[in-house]
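Predicted, not measured: the structure shown is a model, and the values here were computed from it.
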Amino acid sequence: MILEALGSTLLGLALAWATAQRLGHRLPARSLVLSTGPVGALIGAFITHMALGSGHAPATLVGAVAVSAALLSLLIRPTGGRMRHSATA
(Lines give C-alpha, C1' and ligand atoms only; values in the text may rest on other atoms or scores of the structure.)
Protein backbone atom coordinates (compact mmCIF):
# COMPACT_ATOMS: atom_id res chain seq x y z
CA MET A 1 0.00 0.00 0.00
CA ILE A 2 2.86 2.39 0.76
CA LEU A 3 4.41 1.78 -2.66
CA GLU A 4 1.05 2.34 -4.36
CA ALA A 5 0.65 5.65 -2.54
CA LEU A 6 4.19 6.74 -3.38
CA GLY A 7 3.85 5.65 -7.00
CA SER A 8 0.51 7.37 -7.44
CA THR A 9 1.87 10.57 -5.88
CA LEU A 10 4.83 10.58 -8.25
CA LEU A 11 2.59 9.89 -11.25
CA GLY A 12 0.23 12.67 -10.21
CA LEU A 13 3.12 15.09 -9.80
CA ALA A 14 4.52 14.14 -13.20
CA LEU A 15 1.11 14.59 -14.82
CA ALA A 16 0.65 17.97 -13.12
CA TRP A 17 4.11 19.12 -14.20
CA ALA A 18 3.47 18.05 -17.80
CA THR A 19 0.10 19.81 -17.77
CA ALA A 20 1.64 22.99 -16.35
CA GLN A 21 4.33 22.93 -19.04
CA ARG A 22 1.93 22.29 -21.90
CA LEU A 23 -1.09 24.37 -20.87
CA GLY A 24 0.44 26.91 -18.50
CA HIS A 25 -1.31 29.85 -20.17
CA ARG A 26 -4.74 28.31 -19.52
CA LEU A 27 -4.20 27.25 -15.90
CA PRO A 28 -4.35 29.09 -12.57
CA ALA A 29 -1.32 29.45 -10.29
CA ARG A 30 1.38 26.84 -10.83
CA SER A 31 1.41 25.89 -7.13
CA LEU A 32 -2.29 24.99 -7.33
CA VAL A 33 -1.71 22.82 -10.38
CA LEU A 34 1.32 21.08 -8.87
CA SER A 35 -0.60 20.29 -5.69
CA THR A 36 -3.82 19.19 -7.40
CA GLY A 37 -2.07 16.45 -9.39
CA PRO A 38 -0.67 14.43 -6.47
CA VAL A 39 -3.73 14.97 -4.28
CA GLY A 40 -6.01 13.78 -7.06
CA ALA A 41 -3.78 10.78 -7.64
CA LEU A 42 -3.87 9.85 -3.95
CA ILE A 43 -7.66 10.12 -3.91
CA GLY A 44 -7.89 8.01 -7.07
CA ALA A 45 -5.53 5.41 -5.66
CA PHE A 46 -7.54 5.24 -2.44
CA ILE A 47 -10.85 4.82 -4.28
CA THR A 48 -9.44 2.22 -6.68
CA HIS A 49 -7.71 0.31 -3.89
CA MET A 50 -10.94 0.21 -1.85
CA ALA A 51 -12.94 -0.95 -4.87
CA LEU A 52 -10.54 -3.65 -6.06
CA GLY A 53 -8.71 -4.65 -2.90
CA SER A 54 -5.05 -5.38 -2.50
CA GLY A 55 -3.03 -7.13 -5.16
CA HIS A 56 -4.09 -4.89 -8.02
CA ALA A 57 -1.25 -2.35 -8.06
CA PRO A 58 -1.28 -1.62 -11.82
CA ALA A 59 -5.03 -1.03 -11.81
CA THR A 60 -4.69 1.16 -8.74
CA LEU A 61 -2.11 3.31 -10.51
CA VAL A 62 -4.34 3.61 -13.57
CA GLY A 63 -7.21 4.75 -11.36
CA ALA A 64 -4.91 7.25 -9.67
CA VAL A 65 -3.84 8.76 -12.99
CA ALA A 66 -7.44 8.89 -14.22
CA VAL A 67 -8.70 10.83 -11.20
CA SER A 68 -5.68 13.12 -11.25
CA ALA A 69 -6.24 13.90 -14.93
CA ALA A 70 -9.92 14.55 -14.29
CA LEU A 71 -9.17 16.99 -11.49
CA LEU A 72 -6.50 18.75 -13.52
CA SER A 73 -8.91 19.12 -16.43
CA LEU A 74 -11.28 21.01 -14.15
CA LEU A 75 -8.61 23.68 -13.65
CA ILE A 76 -8.29 24.51 -17.36
CA ARG A 77 -9.78 27.88 -18.27
CA PRO A 78 -11.32 28.66 -21.64
CA THR A 79 -9.19 30.35 -24.27
CA GLY A 80 -9.11 34.13 -24.47
CA GLY A 81 -11.50 34.14 -27.42
CA ARG A 82 -15.07 35.25 -27.42
CA MET A 83 -17.14 33.71 -24.67
CA ARG A 84 -20.47 32.26 -25.70
CA HIS A 85 -23.42 32.97 -23.47
CA SER A 86 -26.70 31.17 -23.33
CA ALA A 87 -29.86 32.85 -24.54
CA THR A 88 -30.97 33.54 -20.97
CA ALA A 89 -27.77 35.30 -19.94
**Result of checking Leu61, Val67, Val65 against Ser8 for side-chain contact (heavy atoms from CB on, under 4.5 Å)** = Leu61
Is [X] linked to [Y] within one hydrophobic cluster, defined over Ile, Leu, Val, Met, Phe, Trp and Tyr using a side-chain heavy-atom separation of less than 4.5 Å?
{"X": "Val62", "Y": "Phe46", "result": "no"}
{"X": "Met1", "Y": "Leu6", "result": "no"}
{"X": "Leu11", "Y": "Val33", "result": "yes"}

Heavy-atom pair with the smallest gap, counting every atom of [X] and [Y]:
{"X": "Gly12", "Y": "Ser68", "result": "CA-OG, 3.9 Å"}
{"X": "Leu75", "Y": "Pro28", "result": "O-CD, 3.4 Å"}
{"X": "Leu32", "Y": "Thr36", "result": "O-OG1, 2.7 Å"}
{"X": "Ser54", "Y": "His49", "result": "CA-CE1, 3.7 Å"}
{"X": "Ala16", "Y": "Gly37", "result": "CB-CA, 3.9 Å"}

Taking [X] for its side chain and [Y] for its backbone only, find out whether a donor-acceptor pair lies under 3.5 Å.
{"X": "Thr60", "Y": "Thr48", "value": "no"}
{"X": "Arg26", "Y": "Ile76", "value": "no"}
{"X": "Ser35", "Y": "Ser31", "value": "yes"}

**Request:** Could you walk me through whether His56 and Glu4 pass side-chain contact (heavy atoms from CB on, under 4.5 Å), step by step?
**Result:** CA-CA 10 Å; His56 299 281; Glu4 288 177 359; over 6 Å; no
**Item:** Separation between CG of Leu72 and OG1 of Thr19, rounded to the nearest 0.5 Å
**Value:** 5.0 Å
**Item:** From Trp17 atom CH2 to Arg22 atom CZ, the distance as rounded to the nearest 0.5 Å
**Value:** 12.5 Å
**Prompt:** Does atom CZ of Arg77 have more than 12 heavy-atom neighbours from other groups under 6.0 Å away?
**Reply:** yes
**Prompt:** Under 6.0 Å from the CG atom of Leu3, do we count more than 12 heavy atoms belonging to anything else shown?
**Reply:** no
